Amino acid sequence: MEHPVKHDGHLNVNAITNSQFSFDKVKEIADWILERVELRPKIGIVCGSGLGGLGDRLVETKIFPYSEVPHFPKSTVVGHKGNLIFGKLNDVPVVCMQGRFHAYEGYSNALCTMPMKVFKLLGLESVILTCAAGGINQSFEVGDIMLIKDHIAPLLWTLQNPLVGHNDDRFGPRFPAVNRIYTKHYRDLIKEIASEKSLELKDGVYSSLGGPCYETVSELRGLLQLGADAVGMSTAHEALVASYCGLKVLGIALITNKAVIEYDSENYPNHEEVIDTANRRAKDLEELVSEFVSRTFVQKVDMNNNEMSK
Ligand SMILES: O=P(O)(O)O[C@@H]1C[C@H](O)[C@@H](CO)O1
């Protein structure tokens, strides 16, 4: 069993720790990848349930099934292929997780969020998190695309928060601020792109519970009262760790089903509907993300050129 080691070399044996993914272990994963891939992307994409088509859009790819990547577990959920793909999207180098890890698969939140730390050590600056979610906001329709402006994640209020334990400040600070996780500039940019494409984009608060069960009517009513617009089982903890690691975050939820907030309704959520809606709406979401990736990259190149010519 690995001891929690501070990076100054001091043992911190009394801390409950998430030594499961120490800096050295994450570095081992990142180094393994860097030895095998020439591409050096600045943007990472995580594909939610049924949204793996984004990965299929990449060209000049190098694909690693998760089973080949050191310390990566299996992706066990339908609609999550389980590939780490390096390639170009709209001519921009990206790395794409075709499928994510969920706590309900039996994985710790430290493990579920480990890829964000790997992204940091790969030199990424930004991550785009996509997910499927149930619409709690009663004005939302199935198939709506919701830009995540904030999240409510009760599990992150507990010791299940992946940042609990020994903090290695090479990843991020002990006490990260979380009031600006979803980068404003990115939200503005994607709204602009959606409006140019005449694509309606909802703006909302994503809430996440642990799953794998969907929510009770009373839980959903409670989340609505708290200000949530959509509910899912992922994303918030990844966004937290990405932001803690200094990555800029864009979060997009596809409303795959309406959350049932009427007692005794005949309707009920199910994963088949989630996947069907994702398949039906994936194209618009993929185009939005592709355009976002290329504009972000162009802006970055512009900024660098301007800086260099100063
Ligand atoms: O990985 P995401 O959050 O997109 O997947 C959602 C949550 C569950 O994994 C599943 C429920 O249908 O879809």
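Along the sequence shown, the residues carry numbers beginning at 1. Note that the structure is predicted; figures quoted are calculated from it, not measured. First listed ligand is number 1; within each ligand, the first listed atom is number 1.
Shortest contact from atom 3 (O) of ligand 1 to any protein heavy atom: S234 OG, 2.5 Å. For atom 11 (C) of ligand 1, the nearest protein heavy atom (residue, atom name, distance) is Y214 OH, 3.4 Å. Regarding atom 9 (O) of ligand 1, its nearest protein heavy-atom neighbour is Y104 OH, 2.5 Å. For atom 6 (C) of ligand 1, the nearest protein heavy atom (residue, atom name, distance) is S49 OG, 3.4 Å.
One distance of note links CG of L147 with OH of Y186; it measures 13.5 Å at 0.5 Å rounding. Remark: Y244 OH to N167 CG distance equals 3.5 Å, nearest 0.5 Å. Rounding to the nearest 0.5 angstrom, the gap separating the CD1 atom in I193 from the CD atom in E291 is 5.0 Å. Distance check, rounded to the nearest 0.5 Å: CZ of F101 to SG of C112 gives 8.0 Å. To the nearest 0.5 Å, atom CG of residue D56 and atom CD1 of residue I85 are 6.5 Å apart.
If you check each of E105, E272, H271, H102 against atom 10 (C) of ligand 1, the one with the closest non-hydrogen atom is H271.
The distance from ligand 1 to the heavy atoms of H80 drops below 4.0 Å at these ligand atoms: 1 (O). In summary, the atoms of ligand 1 found under 4.0 Å from a heavy atom of C131, numbered by their order in the structure, are 3 (O), 4 (O). Listed by number with element, the atoms of ligand 1 under 4.0 angstrom from any heavy atom of G48 are 4 (O).
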Practice prompt. Determine, step by step, whether E196 and R295 satisfy the salt bridge (Lys or Arg N to Asp or Glu O under 4.0 Å) criterion, reporting the C-alpha distance in whole Å, the side-chain angles of both residues, the deciding distance to 0.1 Å, and the verdict.
Written response: CA-CA 13 Å; E196 284 168 20; R295 297 249 192 122; 2.4 Å; yes
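We find that R280 and D276 are not joined by a salt bridge, their nearest charged nitrogen and carboxylate oxygen being 4.0 Å or further apart.
Considering backbone and side-chain atoms alike, Y206 places every N or O at 3.5 Å or more from each N or O of ligand 1. Residue contacts with ligand 1: M233 is placed with no nitrogen or oxygen under 3.5 Å of a nitrogen or oxygen of the ligand (distance criterion only).
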